[in-house]
Amino acid sequence: MQLLVSPSSIEEARSSLSADIIDVKKPSEGSLGANFPWIIQEIKKIAGRKPVSAAIGDNEYKPGTAALSAYGAAHAGADYIKVGLMFDGEDRAREVIEAVTTAVKRDFPERYVVIAAYADSARMGTISPFAISSLVADAGADIAMIDTGIKDGKSLFEFMDEEALTRFTAQNREFGLQTALAGSLKFEDLDALKRIDPEIIGVRGMVCGGDRAMAVRAELVEKAMMMLR
Ligand SMILES: O=C[C@H](O)COP(=O)(O)O
């Protein structure tokens, strides 16, 4: 299980370097808020051989806008391009997933396209995570992800229990996809996450000392890495 940590700045990225994947994000613009291309470029430089991920926003149903954002993130150097689906409807989700996957894979077939739905989809009226696996696989994207959409301190496990997350992970494997799980995860959740066994877990608040508005702390990233090994 790989640890993805989401810094919001170059300085925070330096504190995240012991993680497996450095995920560039702008938390002030949402759960999967997109940062500036030049920040992705700079973080890519300091990450060295570590893979860099870039969130491209909690997208509305706008396939062209999402595709251009995904294209921009890939050209800025992101190895993983992470796309949130903050709308409902499987046909519309299919269109956005195909658009972003094409935008990335035409020029960069080796890059990973990560499609995220939200654990708290019921309270937001957005697509259920269970509905995305087949769409992600059909489009040729790589990773199906769950995060929380509203960052009010409620964790992934308050919306989906271990059994549901295990089922989601198994469903993705059947489709040949990897799974990423995130959403106000805590150190105490790591044992359950190991049992669920997704390929990636994503954190920010946990390595900021519990408050995602604070800065990423290198010693907490190291602690998380130790606990996962
Ligand atoms: O991709 C992971 C997210 O940034 C998780 O953030 P969070 O742990 O603060 O919910």
Side-chain angles (χ1 to χ4, degrees), residues 1-9 12-13 15-16 18-35 39-40 43 47 50-59 69-70 73 78-86 112-121 123-124 126 129 132 136 141-160 165 168-169 178-190 192-193 196 198-218 220-221 223-225 227-228:
M1 192 160 75
Q2 292 194 292
L3 180 71
L4 171 148
V5 169
S6 304
S8 63
S9 65
E12 284 191 8
S15 302
S16 309
S18 57
D20 295 302
I21 303 169
I22 318 293
D23 175 49
V24 188
K25 171 180 293 185
K26 197 158 180 284
S28 59
E29 294 196 15
S31 171
L32 296 174
N35 214 319
I39 301 289
I40 300 170
I43 290 177
K50 282 266 157 90
V52 168
S53 156
I56 67 151
D58 303 299
N59 292 272
S69 300
D79 303 287
Y80 292 74
I81 293 89
K82 214 162 83 175
V83 185
L85 304 179
M86 205 169 261
Y112 296 93
V113 176
V114 184
I115 304 295
Y118 301 98
D120 47 346
S121 58
R123 66 174 172 170
M124 298 191 300
T126 60
I132 68 169
V136 175
D142 307 280
I143 301 171
M145 177 166 186
I146 303 178
D147 201 338
T148 46
I150 300 173
K151 297 291 182 182
D152 58 359
K154 290 200 169 77
S155 93
L156 171 66
F157 287 96
E158 292 183 58
F159 300 101
M160 297 176 76
L165 294 169
F168 179 70
T169 303
Q178 295 185 35
T179 301
L181 299 179
S184 300
L185 299 175
K186 300 179 182 60
F187 284 105
E188 307 86 88
D189 298 323
L190 292 180
L193 288 161
I196 296 165
E199 281 73 16
I200 299 171
I201 60 166
V203 302
R204 175 172 171 83
M206 182 171 104
V207 294
C208 295
D211 179 357
R212 74 194 315 266
M214 304 296 282
V216 172
R217 287 163 47 185
L220 295 180
V221 179
K223 177 180 168 184
M225 287 299 286
M227 288 175 73
L228 289 175

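We count ligands from 1, going down the list as the structure has it; atoms in each ligand are counted the same way.
- Taking 4.0 Å as the cut-off between side-chain N and carboxylate O, Asp189 and Lys186 do not count as a salt-bridged pair.
- For the pair Asp58 (side chain) and Met86 (backbone), a donor-acceptor distance under 3.5 Å is absent.
- The existence of a salt bridge linking Lys82 and Asp23 is confirmed by a sub-4.0 Å separation between a basic side-chain nitrogen and an acidic carboxylate oxygen.
- Annotation: ligand 1 has protein neighbours Leu4, Ser6, Asp23, Lys25, Lys82, Met145, Asp147, Lys151, Ala182, Gly183, Ser184, Gly202, Val203, Arg204, Gly205, Arg212, each with a heavy atom less than 4.0 angstrom from the ligand.
- For Arg217, the salt bridge (charged side-chain N to carboxylate O under 4.0 Å, His left out) test picks out Glu219, with sequence neighbours left out.
- With sequence neighbours excluded, no residue satisfies ring pair (Phe, Tyr, Trp, His ring centres under 6.0 Å) with Phe157.
- Applying the side-chain hydrogen bond (donor to acceptor under 3.5 Å, both in side chains) test to pairs two or more places apart or on separate chains, those with a residue in residues 141-150 are Lys105-Asp142, Asp147-Lys151, Thr148-Lys151.
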